[in-house]
Asker: 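Structure in structure tokens, see below.
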Amino acid sequence: MKSDDLRERLAEVAERHGIPGASIAVLHGEEVTEAAYGVLDRDFGYPVTTDSVFQTGSITKVWTATLIMQLVDEGLLTPDSPVADLLPGFRVADAHTSQSVTVRQLLCHTGGFEGDIFSDHGPGDDAVERFVAALPTPARQLFPSGEMFSYCNSGYVVLGRIIEVLTGLTWEAALHERIAAPLGMTHAVTSPGRAIRHRVAMGHVAGPDGEPVKAPFWEMPRSNAPAGSTLTLTARDQLRFAQLHLADGLAPDGTRLLSEASAAAMRRPEVVVPGSGRLGDHWSLGWEIFDWEGGPVIGHDGGTMGQTALLRAVPGKDVAVVILINGGEFFGLHGLVTELLAELAGVTVPPMPTPLAEPPAVDARYFAGRYESVTQRAEVTETEDGLRVVLWPLGPSAELRGTDPLGDLTMVPLDAHTLISTARENGEFPTVTFLGDGDRAAYLHGTRAIPRA
């Protein structure tokens, strides 16, 4: 693949979906192709280059999971170790979960406690420690641990604290010493002070007229670093991380950073992900698993304030795609990823869900009502056009995002338990899934499980 051809394809997608700037890196066998498009900052017009750094958001979670599995290889814990055995005094709101929740459950997002806690505990080396110590108040139990998947940022911060305690390092130092440096990464940083030495992408959000404007802030709390608030890097360095996993834990120089058994365990499905939307079919010990024809494919997405990242890799075929963007319609990238995986790996990516011409008949009372956790509230009401779903941030989530609705969608049934928006948003038709076998759903699930109030 030629870089000029890749850039043309990236530019076409970016221009169509309002993406200010983007960087892409593609692995095919031993060949790596990179390309860049657009500007780092719409206010100043600095061009994106392939050595520009973007925030990678929640793809960081797979790095944190890799650090945990390195410690498993060293015999310092097992995936089924209770967190309380590793962090004396660890507590969340539920006493039983405090004693019983395991590392495995945190890795695959089945811990069951509140996940979207973004409290800022300062810039010091104790930020992660202070975050975990403060969990008993906001970390309400949404369901018994191990019962279902519910995406949980706070669980990954707990994993980051386990890494700090067992290594004697900060999470950042452990990441650099155990992953970034051995893989030869030159542009992977974890603080604004380090990032400013490079060509830094600024995030962009939709302005009043819908056009991208620079996000109101760049730095996110250090306390959430193990979950994805700070890691900033080039597409090429993110690709180096993917190559580590495609090589079953071997660095390019032959150094083993992760055992073959642990690399395989991280690709093994652990829990089914509810719904018909953009997430994988299963979650493993860190990775999303996409059960696609020609696959499976492993991957993860990430988002911070106005920046979004995508990673997809095909084990056994030495193919991986990384795309980093600084605004615009993230899911507009779906078509480009679909083309690349088909061409290079023979993988058929299914189309994203769209509303049906004739939605199935359902009892609206099953969906309707109020759903609430500590960090989110949803109201589902019946209207002439379908069901209206409005989602607000609450508490710790509102502290970061503000109090404006996260979404206000008119939705129609996609199946007996899933609603889909009638309008495209961020390049997709959003879906939400409702769980429960009775006359009324017990949970609204849009990557996070929100209990009926």
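Counting from 1, the numbers follow the sequence of the chain as shown. Worth saying up front: this structure is predicted, and the values here are computed from it rather than measured.
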Asker: What is the ring orientation for Y371 with F434, classed by angle as parallel under 30°, tilted 30 to 60°, or perpendicular over 60°?
Answerer: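 Ring orientation, 0 to 90° scale: perpendicular.
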Asker: When the ring centroid of H176 is compared with that of W171, is the distance short of 6.0 Å?
Answerer: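 Aromatic pair excluded; centres sit 6.0 Å or further apart.
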Asker: Out of the candidates L394, L406, I450, only one should pair with R377 under the side chain to side chain contact (heavy atoms under 4.5 Å, CB included) rule; please name it.
Answerer: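 Looking at L394, L406, I450, the match for R377 under the side chain to side chain contact (heavy atoms under 4.5 Å, CB included) is L394.
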Asker: Is it the case that T190 and E172 place a side-chain donor and acceptor less than 3.5 Å from each other?
Answerer: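 No pair is found: no donor N or O on one side chain lies under 3.5 Å from an acceptor on the other.
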Asker: Is it the case that the side chains of K61 and S58 hold a donor-acceptor pair, with the cut-off being a distance below 3.5 Å and no angle test?
Answerer: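 Yes, a side-chain donor-acceptor pair sits under 3.5 Å.
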Asker: Just list the side-chain donor-acceptor pairs under 3.5 Å for residues 113-124, sequence neighbours left out, or say none.
Answerer:
| unit_1 | atom_1 | unit_2 | atom_2 | d |
| --- | --- | --- | --- | --- |
| E114 | OE1 | V374 | N | 3.0 |
| E114 | OE2 | S373 | OG | 3.1 |
| E114 | OE2 | T375 | OG1 | 2.7 |
| D116 | OD1 | N153 | ND2 | 2.9 |
| D116 | OD1 | R448 | NE | 3.4 |
| D116 | OD1 | R448 | NH2 | 3.0 |
| D116 | OD2 | R448 | NE | 3.0 |
| D120 | OD1 | G122 | N | 2.9 |

Asker: Any salt bridge linking R178 with E74? Criterion: basic side-chain nitrogen under 4.0 Å from a carboxylate oxygen.
Answerer: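 Salt bridge: yes.
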Asker: Nearest 0.5 angstrom please: I162 CD1 to I68 CD1, how far?
Answerer: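 These two atoms lie 5.0 Å from each other.
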Asker: Working to the nearest 0.5 Å, report the span between CG of L231 and CZ of F54.
Answerer: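 So the gap between those two atoms works out to 14.0 Å.
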Asker: Go through it in stages, so that I can follow the logic: the residues are E428 and R424, the test is salt bridge (charged side-chain N to carboxylate O under 4.0 Å, His left out), and I'd like the CA-CA distance, side-chain angles, deciding distance and then a yes or no.
Answerer: CA-CA 5 Å; E428 66 164 348; R424 194 182 295 271; over 6 Å; no
Asker: Between D291 and H282, is any side-chain donor less than 3.5 angstrom from a side-chain acceptor?
Answerer: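 A pair is found: one side chain offers a donor N or O, the other an acceptor, under 3.5 Å apart.
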Asker: Do you know the tightest heavy-atom contact between H198 and H187?
Answerer: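 Taking every non-hydrogen atom into account, ND1-CD2, 3.3 Å.
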Asker: Supply the atom-to-atom distance L444 CG to T433 OG1, rounded to the nearest 0.5 angstrom.
Answerer: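 Spacing of CG (L444) from OG1 (T433) equals 8.5 Å.
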Asker: Testing the basics here: between S421 and L409, what is the closest heavy-atom pair and its distance to 0.1 Å?
Answerer: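 Heavy atoms only, the tightest pair is OG-CD2, 4.0 Å.
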Asker: So that I know where these two stand, are H109 and F149 an aromatic pair - ring centroids less than 6.0 Å apart?
Answerer: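 Close enough - the centres of the two rings lie under 6.0 Å apart.
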Asker: Determine whether the side chains of W63 and Q238 contain a donor N or O and an acceptor N or O closer than 3.5 Å.
Answerer: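 Yes.
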Asker: Around atom CZ of R9, are there more than 12 heavy atoms from other residues, nucleotides or ligands closer than 6.0 Å?
Answerer: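 Enclosed: over 12 neighbouring heavy atoms sit under 6.0 Å from CZ of R9.
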Asker: Rounded to the nearest 0.5 Å, what's the gap from CG on D51 to CZ on R199? Could you check?
Answerer: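 Rounded to the nearest 0.5 Å, the CG-CZ separation comes to 6.5 Å.
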Asker: Taking atom types as modelled, find out whether D73 and S259 have a side-chain donor-acceptor pair closer than 3.5 angstrom.
Answerer: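 Yes, a side-chain donor-acceptor pair sits under 3.5 Å.
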Asker: Please determine whether the number of non-hydrogen atoms from other residues, nucleotides or ligands lying under 6.0 Å from atom CD of E31 exceeds 12.
Answerer: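 Yes, because the 6.0 Å sphere around CD of E31 holds more than 12 heavy atoms from other groups.
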Asker: Mind running side-chain contact (heavy atoms from CB on, under 4.5 Å) on T110 and M148 for me, showing each step along the way?
Answerer: CA-CA 6 Å; T110 62; M148 71 173 87; over 6 Å; no
Asker: Would you say the side-chain atoms of T422 pair up with the backbone N or O of T410, donor to acceptor, closer than 3.5 Å?
Answerer: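 Here the side-chain-to-backbone pair exists.
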Asker: Do the side-chain N and O atoms of T66 and H245 include a donor-acceptor pair separated by under 3.5 angstrom?
Answerer: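 Yes, side-chain donor-acceptor contact under 3.5 Å.
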Asker: Hey, is D248 close enough to R267 for a salt bridge, meaning N to O under 4.0 Å?
Answerer: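 Salt bridge: yes.
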Asker: Fit a plane to each ring of F290 and W292, take the angle between them on a 0 to 90° scale, and name the class: parallel (under 30°), tilted (30 to 60°) or perpendicular (over 60°).
Answerer: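 It falls in the tilted class, 30° to 60°.
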Asker: Go through it in stages, so that I can follow the logic: the residues are R7 and D4, the test is salt bridge (charged side-chain N to carboxylate O under 4.0 Å, His left out), and I'd like the CA-CA distance, side-chain angles, deciding distance and then a yes or no.
Answerer: CA-CA 5 Å; R7 186 193 181 281; D4 288 346; over 6 Å; no
Asker: Surrounding CZ of R194 (heavy atoms of other residues, nucleotides or ligands, distance under 6.0 Å), is the total greater than 12?
Answerer: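 No, the 6.0 Å shell around CZ holds no more than 12 heavy atoms from other groups.
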Asker: Which heavy-atom pair separates V132 from R161 by the least distance, and what is that distance?
Answerer: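 Taking V132 first and R161 second, the nearest heavy atoms are CG2-CB, 3.8 Å.
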